[in-house]
2 protein chains.
Amino acid sequence: MLTADIQVQSGHFAAAVSRAQLVSFPGAQPVMHFSQDSTLYEEGDGANCYYRVVSGLVRTCRFSQDGRRHIDAFYKPGDVFGFEPGATHGFTAEAVTDCAVIPCHRRGAGESEAQYLYSSALEHLARAQAHAQLLGRGGAAQRMAGFLLEISAHKQAGVVELPMARQDIADYLGLTIETVSRTLAQLQRVHAIRLLAARRIEIISRAVLQNICG
Amino acid sequence: MLTADIQVQSGHFAAAVSRAQLVSFPGAQPVMHFSQDSTLYEEGDGANCYYRVVSGLVRTCRFSQDGRRHIDAFYKPGDVFGFEPGATHGFTAEAVTDCAVIPCHRRGAGESEAQYLYSSALEHLARAQAHAQLLGRGGAAQRMAGFLLEISAHKQAGVVELPMARQDIADYLGLTIETVSRTLAQLQRVHAIRLLAARRIEIISRAVLQNICG
DNA sequence: CGAATGGTTGATTGTGATCAATTCCCGTGG
DNA sequence: CCACGGGAATTGATCACAATCAACCATTCG
């Protein structure tokens, strides 16, 4: 269910996408706001809508029987998420930071929207496949490097702000927070990155990261 | 490019889907045959077509810089594969066994086919996400159990024939062949399965496997 | 029968998980 | 402004598990 924690919020990526661009698309509903760590919807909830992120960061995740959390993906402003093969959501969606999203009903989709959804689905597919490959090939350093390349993909500046906690990164990469921490330190030692603050990383050399990632 | 190794072949799953059912769909081209371990197309090749498996088994894979192979998915008769977000294939497709596939041009797709492709994409997405989750949560036993549940999903009988080699399983699960072998032995020890032959496994208890998998 | 391929089993090593302290950072209140 | 408190992050020591290296079996095919 949609827990409507109404809250005004700027968000890390707010400047990246104009509001007008985000609001004007077919089937759009009023913008909804969610506070940090609140739940947008849960695994098993009916999938009436998909969503587009306006500001902030959203994560989709699932829990295994033993209680371990697996983060499937992060969604930043401009990204859409929440469309499913079945009638219910396969993942829980949560607000990593305070965030704003536009829910959008699936029904009443026109030709062009159908086209758009299809290409979005293929993009998500490619991302999930890349994620699986990253997790399949062992190394903690490889995973970390891949993650850093991913989140800094569309950045021009060398400095990246991490909106998510270490635990989020760990659950996304299938590692522990300790290993995440150690691996970051290790990447700093080989001069691939520099740790400016806990959530502030300077990417010194993408080439080195690419090399480590494989 | 399409390496047309013409060859007549029965295939492990041939009986599962009728030929007529497979050939009659929009944009279908003549059936193509590929011999075991031959390449259907390579990563980077132009993606003019997607494919539907008639008989045999196909794998899609990618290679990391260090030469390690990652298998993305296996496709059995009835499955479609090879549609991409971009203009080129992101994976190499190879014949695990001798197999037959129907290539199908993307252009000229009607409304109903577009609908079909969309739902196929979402199914692939769900599968890739499940795969990522399996690889993310450590344990070799968990991965193996998940794999066994996957390949025996639509089987009524308890006995499963594995069409692929240990190396294929290893590359799919991000393990080594030795660990695959040991883990199978271990699953046998806890009476989840029985190893009848190298490629013949009896599933004794799905419940136990589910439990292990999590 | 013998070679070759694929699979299993054994011994050892390396890497990340786990358990356990600190330390760092940031917001709060004196 | 500084002291304090609490959650987040780092660092350290040890342990468990899968990779690696290596030898051995089984099955198929010439």
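Below, chains carry the letters A, B, ... as their sequence lines are ordered, and counting in each starts from 1.
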> So what does Arg68(B) touch, heavy atoms closer than 4.0 Å: a base, only the sugar-phosphate, or nothing?
Replying inline: sugar-phosphate
> Sub-3.5 Å donor-acceptor pair from the side chain of Arg59(A) to the main-chain atoms of Tyr75(A), do we have one?
Replying inline: no
>> Is it the case that the side chain of Asp171(B) and the backbone of Asp168(B) share a donor-acceptor pair, with hydrogens and angles ignored and the cut-off at 3.5 Å?
In response: no
> Got a second to check how far Thr176(B)'s OG1 is from Arg166(B)'s CZ, nearest 0.5 Å?
Replying inline: 12.5 Å
> Just how far, in rounded Å, is P of dC17(D) from CE of Met144(B)?
Replying inline: 18 Å
> Are side-chain heavy atoms of Leu148(B) and Leu187(B) found at a separation under 4.5 Å?
Replying inline: yes
> Heavy-atom distance under 4.5 Å between the side chains of Ile201(A) and Leu195(A), does that happen here?
Replying inline: yes
>> Rounded to whole Å, how long is the line connecting atom CG of Leu196(B) with atom P of dG7(C)?
In response: 16 Å
Could you list, one pair per line, each protein nitrogen or oxygen that sits under 3.5 Å from a nitrogen or oxygen of nucleotides 23-30 of chain D, together with the distance?
none

>> Quick check for you: to the nearest 0.5 Å, what is the distance between Phe81(B) atom CZ and Phe74(B) atom CZ?
In response: 13.0 Å
>> With a sphere of 6.0 Å drawn around CZ of Arg68(A), does it hold more than 12 non-hydrogen atoms of other residues, nucleotides or ligands?
In response: no
Produce the list of close N/O pairs, under 3.5 Å, pairing protein atoms with atoms of nucleotides 13-15 of chain C; give distances to one decimal.
none

> Is atom CZ of Arg206(A) surrounded by more than 12 heavy atoms (other residues, nucleotides or ligands) closer than 6.0 Å?
Replying inline: yes
> Over how many whole Å does the gap from Arg189(B) atom CZ to dT9(C) atom P extend?
Replying inline: 8 Å
>> Whole angstroms only, please: what is the CZ-P distance between Arg137(B) and dG16(C)?
In response: 20 Å
> Just how far, in rounded Å, is P of dA18(D) from CZ of Arg143(B)?
Replying inline: 8 Å
>> Any residue in residues 169-183 of chain A with a heavy atom nearer than 4.0 angstrom to DNA chain D? Just list them by number, or reply none.
In response: Glu178(A), Ser181(A), Arg182(A)
>> Holding to salt bridge (Lys or Arg N to Asp or Glu O under 4.0 Å), I want the full list of residues that pass it with Asp72(A), two or more places apart in sequence or in another chain.
In response: none
Please write out each protein N/O paired with an N/O of nucleotides 5-8 of chain D under 3.5 Å, distance rounded to 0.1 Å.
none

> For the side chain of Thr92(A) and the backbone of Glu43(A), is there at least one donor-acceptor N/O pair under 3.5 Å apart?
Replying inline: yes
>> Distance check needed: dT11(D) C1' versus Gln186(A) CD, whole Å only.
In response: 14 Å
> How about Tyr51(A) and Tyr41(A): are their ring centres within less than 6.0 Å of each other?
Replying inline: yes
>> Output the rounded distance in Å from CD (Gln36(B)) to P (dG6(C)).
In response: 9 Å
> Rounded to whole angstrom units, what separation is found between the CE atom of Met164(B) and the C1' atom of dG6(C)?
Replying inline: 15 Å
>> Checking the side chain of His124(B) only, and the main-chain atoms of Ser119(B) only, is there a donor and an acceptor separated by less than 3.5 Å?
In response: no
> Between the main-chain N or O of Ala141(A) and the side-chain N or O of Thr183(A), is there a donor-acceptor pair closer than 3.5 Å?
Replying inline: no
>> Which residues pass the ring-ring contact (aromatic ring centres under 6.0 Å, His included) test with Phe147(A), not counting sequence neighbours?
In response: Tyr172(A)
